[in-house]
> 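Starting off with a structure, shown below.
One-based numbering, in listed order, for ligands and for the atoms of each. Atoms considered below: every heavy atom in the structure, side chains included; atoms not considered: hydrogens, waters and symmetry mates.
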Amino acid sequence: MKALDELTFDNRFARLGDALSTHVLPEPIAEPCLVVASPAAMALLDLDPAVAETPVFAELFSGHKLWAEAEPRAMVYSGHQFGVYNPQLGDGRGLLLGEVYNEAGEHWDLHLKGAGQTPYSRMGDGRAVLRSSIREFLASEALQALGIPTTRALCVIGSSTPVWREKQERAAMLLRLSPSHVRFGHFEYFYYTKRPEQQKALGEHVLAMHFPECLEQPEPYLAMFREIVERNAELIAKWQAYGFCHGVMNTDNMSILGITFDFGPFAFLDDFDAHFICNHSDDQGRYSFSNQVPIGQWNLSALAQALTPFISVEALRETLGLYFPLYQAHYLDLMRRRLGLTTGEDDDQTLVENLLQLMQNAGVDYSLFFRRLGDHAPELAVTRLRDDFVDIKGFDAWAERYCARAARDGDNDQARRRMRMHAVNPLYILRNYLAQKAIDAAESGDYAEVRRLHAVLSDPFTEQPGMERYAERPPEWGKHLEISCSS
Ligand code: AMP
Ligand code: MG
């Protein structure tokens, strides 16, 4: 265990120079106080969870104090936003404070979000509000607990600094951890500004730091692109299998590591709805739940375009072709597990599709359905779930096929089936209304609910005594909350 002043820094990205990032100091927020910290994320830096309660912790992560070895930098990037190229983005309100090594030799970027204005702030104030910081914190740590690759959140620090959005709010800062903050948009920036040397410096950095095994391949850049395609196919399969809607899949919000990155108006599905749009400024539904799959490929093509100086168009095309089959294989594998199946049959894809269609028609709760399906043996489970459906005949036909399929699967021991299914079907997910309740309390200065919700979501597969209300379907008011995109 380390004290806060014992972190080991090695700021590799800063050493790439001013073409890739700019030195900027964080602008502190007033009266910093700890809202919530993640002991699991603190462990990644070998930090004792108790240090979160010390005043210096809040000072460090609110811009009042800085380690001597930190080198805060705002990164420059660009990207496609809603399909349109935006030539100049960059860290407008977040800073890479520095890079830290833990005792296991792992490397973590410390990124302070809401740290004030930078040369890339455009018209923005450089701030993040408390509500969006809490949402990112909860989502990062909830996704991690579900086994979905994501950036991590160390803490949220609140303040009395006023910020204007639709109304006056309070500024907060979130400390994000990630092995890298390089986005698809980083490669796009140097490609479209025609700076091959800087692009090469970036490419070599990313290869050496994050894809060293690709350096042993005859074509390292191609091997890296292939790896990025594979990771994204797997990531998006996990989003779809667990009902996570990212909301702003712009290429500047896509990590080259294939992890969930840059949370905005995200949502986990309550009722299953393939057409769900969680982002209220997404009028066309470009980033609707089911569109995330083709958009994943679209984004990879945008990255491919930016990599044409390194890789032949033919090889890029061929590699892009791997995305969809890989996605489908991962997705089907996850859905089989969610259904308690341990083997594969040709008709499984149809079994899944038919179920989702029935759920869509009836507005069935996506997470609870799978959880309850594992509670009892297949025949009893489907009898109990039947009333949730509108097309009862349709459901009965599905249920009959499912029970027969489960019987053929081999392992019919219900105790084992239940354990197997409950280990992949969460009881607790970050429903919008749960986040909203915690945010409402936090905005009036009470952080107990944020902390409790974070603790519940840290162990989503295990039934926790006394926490029944976190496993319920949302009340009517909580079903169609408008999540503001301004954050
Ligand atoms: P986001 O929608 O958070 O992914 O941000 C898109 C771009 O806008 C990034 O370049 C951000 O740094 C920038 N940005 C978002 N909010 C602010 C803000 N309040 N102040 C300055 N820049 C911002
Ligand atoms: Mg962003």
> With sequence neighbours excluded, what pairs up with Tyr287 under the ring pair (Phe, Tyr, Trp, His ring centres under 6.0 Å) test?
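With neighbours one apart ignored, the set is Phe82.
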
> Kindly confirm or rule out an N or O of Gly90 lying under 3.5 angstrom from an N or O of ligand 1.
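There is such a contact, yes.
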
> Is there any N or O on Arg93 that sits under 3.5 Å from an N or O of ligand 1?
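Indeed, backbone or side chain, Arg93 has an N or O that close.
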
> Quick one: does atom 22 (N) of ligand 1 have a protein heavy atom under 4.0 Å from it?
yes

> Under 4.0 Å from atom 1 (P) of ligand 1, is there any protein heavy atom?
no

> Within the structure, does Asp125 bring an N/O atom to less than 3.5 angstrom of an N/O atom in ligand 1?
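Yes, since at least one N or O of Asp125 sits under 3.5 Å from an N or O of ligand 1.
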
> Among Gly126, Ser487, Gly94, Gly92, which residue places a heavy atom closest to atom 18 (C) of ligand 1?
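It is Gly126 whose heavy atom sits nearest to atom 18 (C) of ligand 1.
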
> List the steps, then state whether side-chain contact (heavy atoms from CB on, under 4.5 Å) holds for Val182 with Phe13.
CA-CA 10 Å; Val182 175; Phe13 198 88; 4.0 Å; yes

> Would you tell me whether Ser78 and Tyr192 have side-chain atoms, one donor and one acceptor, within less than 3.5 Å of each other?
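No.
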
> Can you establish whether the number of heavy atoms outside Arg226 located under 6.0 Å from its atom CZ is more than 12?
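At most 12 heavy atoms, drawn from other residues, nucleotides or ligands, come within 6.0 Å of this atom.
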
> May I ask you to check if ligand 1 and Arg122 share an N or O to N or O distance below 3.5 Å?
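There is such a contact, yes.
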
> Which pairs pass salt bridge (charged side-chain N to carboxylate O under 4.0 Å, His left out) with one or both residues in residues 313-333, sequence neighbours excluded?
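As it turns out, the salt bridge (charged side-chain N to carboxylate O under 4.0 Å, His left out) pairs with a partner in residues 313-333, which skip direct neighbours, are Asp333-Arg337.
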
> Determine whether any heavy atom of Gly264 lies closer than 4.0 Å to an atom of ligand 1.
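In this structure, Gly264 fails to qualify as a contact of ligand 1 - no heavy atom is under 4.0 Å.
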
> Hey, which protein N/O/S atoms does the Mg ion (ligand 2) have under 2.8 Å?
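Correct list: Asn253 OD1, Asp262 OD2.
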
> Can we say Arg12 and Glu204 salt-bridge, meaning some charged N sits less than 4.0 Å from an Asp/Glu carboxylate O?
no

> May I ask you to decide whether Glu443 forms a salt bridge with Arg170, counting only side-chain N to carboxylate O separations under 4.0 Å?
no

> Between Phe263 and ligand 1, which part of the residue brings a heavy atom under 4.0 Å of the ligand: side chain, backbone, both or neither?
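Phe263 to ligand 1: no contact under 4.0 Å from either part.
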
> Give me each pair satisfying salt bridge (charged side-chain N to carboxylate O under 4.0 Å, His left out) with a member in residues 235-259, each pair once, sequence neighbours excluded.
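Matches after skipping sequence neighbours: Glu234-Lys238.
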
> Please could you name the atoms of ligand 1 that Tyr77 approaches to less than 4.0 Å, counting only its heavy atoms?
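Every atom of ligand 1 under 4.0 Å from some heavy atom of Tyr77: 9 (C), 10 (O).
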
> Do Arg183 and Glu188 sit within salt-bridge range, that is, some charged N less than 4.0 Å from a carboxylate O?
no

> Verify the ring-centre separation between Phe276 and Phe272: is it less than 6.0 angstrom?
no

> Counting each atom of ligand 1 from 1 as listed, which ones have a heavy atom of Asp262 under 4.0 Å away?
4 (O)

> I'd like to know if Lys479 and Asp365 make a salt bridge, using a cut-off of under 4.0 Å between side-chain N and carboxylate O.
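Not counted as a salt bridge, because no side-chain N and carboxylate O are separated by less than 4.0 Å.
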
> For ligand 1, does Met75 get within less than 4.0 Å through its side chain, its backbone, both, or neither, judged by non-hydrogen atoms?
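Answer for Met75: neither.
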
> Checking contacts here: is it the side chain or the backbone of Asn253 that comes within 4.0 Å of ligand 1, counting heavy atoms only? Could be both or neither.
side chain

> Just distances here: any N/O of Arg127 and N/O of ligand 1 closer than 3.5 Å?
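So ligand 1 has an N or O lying under 3.5 Å from an N or O of Arg127.
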
> Look at ligand 1 and say whether Arg165 reaches it with a heavy atom at a distance under 4.0 Å.
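Yes, Arg165 has a heavy atom closer than 4.0 Å to ligand 1.
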
> Is any NZ, NE, NH1 or NH2 atom of the basic residue among Arg73 and Asp109 found under 4.0 Å from an Asp or Glu carboxylate oxygen of the other?
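Answer for the salt bridge query: no.
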
> Run the salt-bridge test on Asp440 and Arg131 with the 4.0 Å N-O cut-off and return the result as yes or no.
no

